[in-house]
**Q** 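Would you mind keeping the following structure in view while I ask a few things?
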Number of protein chains: 2
Amino acid sequence: MDESGNRSGRRVFREDVKEFLLDAILGGDLKPGDRIVETRVAQQVGVSQGPVREALRDLELFGFVVSEPFRGTRVREITPADLIEVYPIRAALEGVAARDAARHMDHDAIRHLESCLETMRQAAHNNDRKTHIEADIQFHRFIVLKSGNRMLLQMWENTRLSSSTIVTVALSHRTLLELADRHMEIIDALTRQDSELAETVMRSHIEELATWIADDQVDISLSTTDKEIA
Amino acid sequence: MDESGNRSGRRVFREDVKEFLLDAILGGDLKPGDRIVETRVAQQVGVSQGPVREALRDLELFGFVVSEPFRGTRVREITPADLIEVYPIRAALEGVAARDAARHMDHDAIRHLESCLETMRQAAHNNDRKTHIEADIQFHRFIVLKSGNRMLLQMWENTRLSSSTIVTVALSHRTLLELADRHMEIIDALTRQDSELAETVMRSHIEELATWIADDQVDISLSTTDKEIA
DNA sequence: TGACTATCGATTATCTATCATCGATGGGTT
DNA sequence: AACCCATCGATGATAGATAATCGATAGTCA
């Protein structure tokens, strides 16, 4: 079965439109607050308005955009207040994921995480924020995958939890190397196959991000240049 | 602002269709495995196919139905394996909700929970499963609401976590009174405004459900009559 | 009798046209 | 100059038509 889950491999246009829009949002072509006009997107992608409406609705439920009936759709502006709400959720979900994953972490799995960490370090060295973020997300996603809980993985992917990593990297004032190296303790906990420790460490790892955002919130209001995301 | 969040109060047809379908699914008119034909629903509700497609997509993302491109939509069959995956998620999320809610539980809030518990007890006495379920959901929803985390509440509502309560009541072999009374310890923990205790108790409350489902799974495969949901 | 293939009906996906809504703007009045 | 209201353009929402897809069925052949 192909990646779209369809036996025949046929895809609906909604998926193409969604990819197009996600690329634009995550790539910076569409910025927070930007209005998304259905008919314009339809023209750009080469489809009719229907699949565009469906794609936008998906993205709305995933938290990437916001809309009101008859008033159009905008790219969601993620505020520090949003992040402060999302981190307890991430901490809880990824804590459970780490707990259940700890029982399935063989040598290859640990090496995969170490590889992600090494990629983060290299990216920090090169000041390559984009690669750093992708490796960070890949690190966390792998742990959720190893938990064996498909519903948890779907929920993790279908919310904008992973996009919060993007904003954290942008908003926090830590160096990329700092952000990379703090993943080491997760690897240690998972290597020990200690479920309880894995959960505790993962929750602390994420809850600390919320503390940083909360502490920096005063700074942010005094300085707007940090809002730019690579 | 009205409940649809729209300033002018205008609603799109998608919401009407969604309510229609949810009523049919939760009310038993549409059973797990039943096929949902877009054009037929459109005719029944009195709208065109477009809003029906949008409503079905929402319900798919919420986990109530499943579909494949070009192959139609069916009501999702919730298996014990599904539940065993959902409970760790519920436990984690509602644990966090209880933790954060514990700081905001004034006297009126405690009384509201006690009222829900009393409704459950009355429903148990009357063998009224539907009212019992509704009060149970209301109980948990209120705690999530009191956490003050809007995103958590939205996530709790936008997944089918609440529908897992429906299935648990049906699948577990406990009496309705047993199911009602086990909420008492949550109220106790919240009354103490003890965040850590509240989280621990809530997680145990939900994780125990998973244990019951896992233990009963052998029984379920031997007896199909229990699959009927009131 | 079983396997294979063509056909058809049901249904989904998409397109186009049109209606409804909202916000911006300009003119008129005070 | 400020305020109010009518109008209009842009855009969202929906209806109806049509194209594409899939599964069931029937016919044919070995």
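It should be emphasised that the depicted structure is a prediction, and the values quoted were computed from it without experimental measurement. Computation of the quantities below employed the complete heavy-atom set of this structure, encompassing side-chain atoms and omitting hydrogens, waters and symmetry-equivalent molecules.
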**Q** Roughly, in whole Å, what's the span from CD in Glu15(B) to C1' in dA13(D)?
**A** 13 Å

**Q** Rounded to whole Å, how long is the line connecting atom CD of Glu54(A) with atom P of dT14(D)?
**A** 13 Å

**Q** In whole Å, what is the span from the CZ atom of Phe13(B) to the P atom of dA13(D)?
**A** 12 Å

**Q** With a 3.5 Å distance limit and no angle check, can you tell me whether Asp34(B) reaches the backbone of Lys31(B) through a side-chain donor-acceptor pair?
**A**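 Between the backbone of Lys31(B) and the side chain of Asp34(B) there is a qualifying donor-acceptor contact (under 3.5 Å).
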
**Q** Of all residues at least two apart in sequence or in a different chain, which pass the side-chain contact (heavy atoms from CB on, under 4.5 Å) check with Glu60(A)?
**A**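 Counting only residues at least two positions away or on another chain, Glu60(A) forms a side-chain contact (heavy atoms from CB on, under 4.5 Å) with Arg57(A), Val65(A), Ser67(A).
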
**Q** Only one of Val52(B), Leu59(B), Val75(B) forms a side-chain contact (heavy atoms from CB on, under 4.5 Å) with Ile36(B), so which one is it?
**A**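 Exactly one pass, corresponding to Val75(B).
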
**Q** In terms of the angle between their ring planes, are His112(A) and Phe142(A) parallel, tilted or perpendicular, with boundaries placed at 30° and 60°?
**A** tilted

**Q** Would you tabulate the pairs of protein nitrogen or oxygen atoms and nucleotide nitrogen or oxygen atoms of nucleotides 5-7 of chain C closer than 3.5 angstrom?
**A**
none

**Q** How would you summarise protein contacts on nucleotides 7-12 of chain D per nucleotide, using B for base, S for sugar-phosphate only and - for none, with heavy-atom distances below 4.0 Å?
**A** ----SS

**Q** Whole Å only: how far is the CZ atom of Arg57(B) from the C1' atom of dT12(C)?
**A**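 After rounding, the gap between these two atoms is 14 Å.
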
**Q** If we count only N and O atoms by modelled type, under 3.5 Å, do the side chains of Asp136(B) and His140(B) hold a donor and an acceptor together?
**A** yes

**Q** How close or far is atom P of dC22(D) from atom CZ of Arg74(B), stated in whole angstroms?
**A**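 In whole Å, dC22(D) P and Arg74(B) CZ are 15 Å from each other.
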
**Q** Between Arg99(B) and Glu207(A), is a salt bridge (Lys or Arg N to Asp or Glu O under 4.0 Å) present by the stated rule, with each step listed?
**A** CA-CA 14 Å; Arg99(B) 182 193 69 193; Glu207(A) 280 163 354; 3.4 Å; yes

**Q** Please check if the side chain of Asn149(B) supplies one atom and the backbone of Met151(B) the other of a donor-acceptor pair under 3.5 Å.
**A** yes

**Q** Measure from CZ on Arg10(B) to C1' on dC19(C) and round the result to the nearest Å.
**A**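 It works out to 11 Å between those atoms.
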
**Q** Tell me the closest heavy-atom pair linking Met120(B) and Ala135(B), and the distance in Å.
**A** CG-CB, 3.7 Å

